[in-house]
There are 2 protein chains.
Amino acid sequence: MIEYSSHPHYLIAVDCIVFGFDGEHLKILLVKRNLEPEINKWSLMGGFVGKTETPDDAANRVLKKTTGLEGVYLEQLQIYGQPERDPIERTLSVGYFALIDINKYQDQLNDDHHAEWFLITDRPKLIFDHDEMVKDARIKLRYKAALHPILFEMLPKKFTIPQLQILFEEVNDTKIDTRNFSRKISSTGLLIKLEEKEKLGSKKGAYYFKLDKKKYKEGFQAFVNLIPRLKL
Amino acid sequence: MIEYSSHPHYLIAVDCIVFGFDGEHLKILLVKRNLEPEINKWSLMGGFVGKTETPDDAANRVLKKTTGLEGVYLEQLQIYGQPERDPIERTLSVGYFALIDINKYQDQLNDDHHAEWFLITDRPKLIFDHDEMVKDARIKLRYKAALHPILFEMLPKKFTIPQLQILFEEVNDTKIDTRNFSRKISSTGLLIKLEEKEKLGSKKGAYYFKLDKKKYKEGFQAFVNLIPRLKL
DNA sequence: GCAAAAGTGTTTCGAATACACCCATGA
DNA sequence: TCATGGGTGTATTCGAAACACTTTTGC
C-alpha cells in the first residue's frame with residue numbers, strides 16, 4: 001500500500017472571529033476557554049477539524065455550537081502555523097471571521113454559551129496568537145467592506161441609514177459625510193425604503209430600510225467603492 | 001501532562017501556483033509528480049510542512065528546491081481541506097501563489113528540476129484539486145493586481161510600457177487603451193525611464209523603464225486602481 | 001421654542017474614458 | 001517609401017468630495 005510514510009501529522013483547528021454591531025459600536029464575541037492550557041482565559045471560539053469535515057464545516061459547527069448561530073456570513077482568513085503557537089502540541093489553526101446581527105442572537109448567547117461581546121477597541125488580551133488573528137481579521141474586514149456590501153450582514157432586517165453609516169464609520173475608523181454617504185448608498189440600489197420609522201434614536205425619527213436581497217446577491221461580486229477614501 | 005488526547009492528526013502540505021510572464025503570455029509552472037499516487041502526472045509544486053516550519057517557510061522551501069527561486073513574491077491563497085482530496089491519506093493543503101520573472105530563472109528550471117511552463121490558457125489537467133487551486137489563484141491575482149502593483153514582480157529589471165500593458169491585459173483578460181494606460185502608469189510615479197531602448201519588438205524601439213523601488217515599497221499598500229474596469 | 005438628529009441639493013474638482021494623429025526606424 | 005509598433009494630447013463624462021440649510025418632533 002502506498003503511504004506518505006515519514007511525514008509528521010498535526011492537529012488542525014479553526015478559530016472564529018465573530019464581529020457584531022450593536023447600533024453604536026463594532027464588537028467581537030469572545031469566550032472563556034474551557035480546557036487546559038490557559039483555561040478560563042479569554043479566547044476566540046475554536047475547535048478541531050474532525051475526520052470527515054472540511055475546515056469550513058468545522059468553523060460552521062463551532063460557531064453553531066458555541067453561539068447557536070447558523071448560516072451566517074463566514075469567510076476564511078488565513079492559516080496560522082507557527083510551530084510553537086500552541087504550547088501543548090503543534091496545532092495549525094485556520095482563522096475565520098463571521099459577521100452577525102448582534103440583536104438577533106443576543107439572548108441565546110448570554111444564557112447558553114457564556115460568550116460575551118467586547119468592544120473591538122477595548123477587549124481583553126487573548127490566548128496564543130488570537131490577538132494577531134483579530135488584528136488581521138479587522139484589516140481584512142475593512143478591505144473587503146470597502147469593495148463589497150458585506151456589512152449589511154451585521155444589521156437587523158430593518159435598519160436606518162444613520163445606523164448604517166455609524167457601522168461604516170466604526171469599521172473604517174473614520175468619519176463620513178452624511179450627505180455623500182446617503183447618496184452613495186442610494187445609488188447602489190440595494191436598499192428598499194420602508195414606511196415605518198425608527199423613533200428611538202431621535203425626535204424626528206429615521207426611516208427604516210431593508211436590503212433588496214435579489215440585488216444584494218447579484219451585486220455582491222461587483223466592486224462598489226463604498227468608502228470615501230480607504231486609509232491604511 | 002496536558003494533552004489534546006483524542007483529536008485526529010493530519011498531514012499538512014503546501015502547493016505553489018507559480019505565475020510567470022514571457023513578454024507575451026501569462027504562464028504557470030508545473031512539475032511532473034515524482035511520487036505515488038498519480039506519479040508522472042502534472043502537478044503544482046508541493047511538499048509537506050516540516051516539524052519546525054510554518055506553512056510559509058515550507059512554501060518557500062518547496063519553491064527553492066523545485067525551482068531554485070528564492071525571495072520571490074509569495075502569498076497565501078487559502079487552505080484546501082476536502083477530506084478526500086488526497087486518496088492516500090487525509091492531507092490538508094495550503095495554497096500559495098508566487099510571481100516570478102520567467103527569464104531570470106528559465107535556465108535553471110529546465111535543466112535542474114524538470115519543471116515546465118504552460119500557457120495559463122492551455123495547460124494539462126492537474127492532479128487532485130490542483131485545477132481548482134489554479135482557478136482560485138488566477139482570480140486572486142486579478143483581484144489583487146487591480147489594486148496593488150504586484151505585477152511588476154513578473155517583469156525583468158528593465159521593461160517597456162508595451163510589455164507592461166500586455167501583462168496587464170493577460171492577467172485581466174481584456175484589452176486596454178494604450179494612451180490611457182500609459183498615462184495611468186506614469187501617474188503612479190512608480191517608474192523611472194531609462195536612456196536605453198528595447199529594439200526587438202519593433203523598428204522604432206521602446207524605452208526601458210525600471211521600478212522606483214522606494215516608491216514601490218511605500219505605495220504597495222495603497223490602492224491604485226490600475227485596471228480600466230474590472231470585469232468579474 | 002429649542003435642542004437634536006434626519007434629510008436633502010449644488011458646485012467643484014479630478015479621474016476615467018473615448019478618441020486620432022505623428023514619430024522613428026528597419027526592411 | 002512604407003509598414004510596424006511607439007508615443008503622445010484633448011474633450012467629455014462621471015463620480016467623489018466639499019459644503020449648509022431646512023425639517024421634524026419630543027421635551
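The chains referred to below are lettered A, B, ... by the order of the sequence lines, with proteins before strands, and numbering in each begins at 1. Since the model is a prediction, treat every value here as computed from it, not as a measurement.
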**Q.** B:Tyr207 OH to D:dG7 C1', straight-line distance once rounded to whole Å
**A.** 10 Å
Q. What class does the angle between the rings of A:Phe19 and A:Phe97 fall in, given that below 30° is parallel, 30 to 60° is tilted and above 60° is perpendicular?
A. perpendicular
Q) Are B:Leu44 and B:Leu30 side-chain neighbours, meaning at least one heavy-atom pair lies under 4.5 Å? A) yes
(Q) I want to check one thing: is the phosphate of C:dT25, taken as OP1 and OP2, less than 4.0 Å away from some side-chain N or O of B:Lys197? (A) no
(Q) Without decimals, in angstroms, what is the distance between B:Lys175 NZ and C:dA16 P? (A) 21 Å
Q. Please give, in whole Å, the distance from C:dA6 P to A:Glu196 CD?
A. 16 Å
Q.
Just the rounded figure in Å: distance from C1' of D:dA18 to CZ of A:Phe181.
A. 17 Å
Q | Distance below 4.0 Å between B:Lys199 side-chain N/O and D:dG5 OP1 or OP2 | A | no
Q | Residue closer to the 5' end of DNA chain C, A:Asn180 versus A:Ser202 (nearest nucleotide) | A | A:Ser202
Q) Ignoring hydrogens and angles, does a donor from either the side chain of A:Lys204 or the base of C:dA6 sit under 3.5 Å from an acceptor on the other? A) yes
Q: Identify, between B:Gln163 and B:Arg183, the residue whose nearest nucleotide on DNA chain D lies closer to the 5' end.
A: B:Gln163
Q | For atom CD1 of A:Ile185 and atom P of D:dG15, their distance in whole Å | A | 15 Å
Q: Send over the distance from A:Asp177 CG to D:dG15 C1', rounded to a whole Å.
A: 15 Å
Q) Does the C:dA20 base have a donor-acceptor partner in the side chain of B:Arg179 within less than 3.5 Å? A) yes
Q) Can you tell me how far C1' of C:dT8 sits from CD of A:Gln165, to the nearest Å? A) 14 Å
Q | Minimum-distance pair of heavy atoms, taken over all atoms of B:Leu164 and B:Phe181 | A | CG-CZ, 3.9 Å
Q | Check: A:Lys203 side chain, D:dT24 base, donor-acceptor under 3.5 Å | A | no
Q | Pairing of A:Lys214 and A:Asp212 as salt bridge, 4.0 angstrom limit | A | no
Q.
I need the CD1-C1' distance between B:Ile176 and C:dA18, as an integer number of Å.
A. 15 Å
Q. Can the positive tip of B:Lys193 be found less than 6.0 Å from the middle of the six-membered ring of B:Phe209, inside 45° of the ring normal?
A. no
